[in-house]
Amino acid sequence: MVAAIAEQDGKVVGVCGASADSPYMWQLGIDVAPGHKGHGIAPSLTSAVAWVVLDAGKLPYYGTSASNVPSMRTALAAGFKPTWVEVLLRPLS
């Protein structure tokens, strides 16, 4: 539904987009090119797209696994807060 890009020297180095997963909530996805990670591109793009989604009257959400530490850091740096966590259990042997 919306996307933001980061460019360096005419090349795209980061992209964040939002898809309309439901009539009320749009999910954000982010990707940054190798060699450009860790410079704040992901949180900046994610935050910018989230504001556009809010301005459209929709709820932006960022889904990731708690074990995906880089993605969780991006979400937190962009202002998202964890709201649910999936827990998997297995019987002790």
For the student: nearest non-hydrogen atoms of [X] and [Y], plus distance:
{"X": "Pro60", "Y": "Leu54", "value": "CD-CD2, 3.5 Å"}
{"X": "Val53", "Y": "Ala18", "value": "CG2-CB, 3.7 Å"}
{"X": "Pro43", "Y": "Ala77", "value": "CB-CB, 3.7 Å"}
{"X": "Pro82", "Y": "Met72", "value": "CG-SD, 4.5 Å"}
{"X": "Gln27", "Y": "Asp21", "value": "NE2-OD2, 2.7 Å"}
{"X": "Thr46", "Y": "Leu28", "value": "O-CD2, 3.4 Å"}

Could you list the residues that satisfy side chain to side chain donor-acceptor pair (under 3.5 Å) with [X], not counting sequence neighbours?
{"X": "Ser22", "result": "none"}
{"X": "Thr83", "result": "none"}
{"X": "His39", "result": "none"}

Identify the residue among Ile30, Asp31, Val52 that makes a side chain to side chain contact (heavy atoms under 4.5 Å, CB included) with Cys16.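 Single pass found, and it is Ile30.
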
Would a hydrophobic clustering, with Ile, Leu, Val, Met, Phe, Trp and Tyr connected at side-chain separations under 4.5 Å, put Met1 with Val49?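 Cluster IDs for Met1 and Val49 match.
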
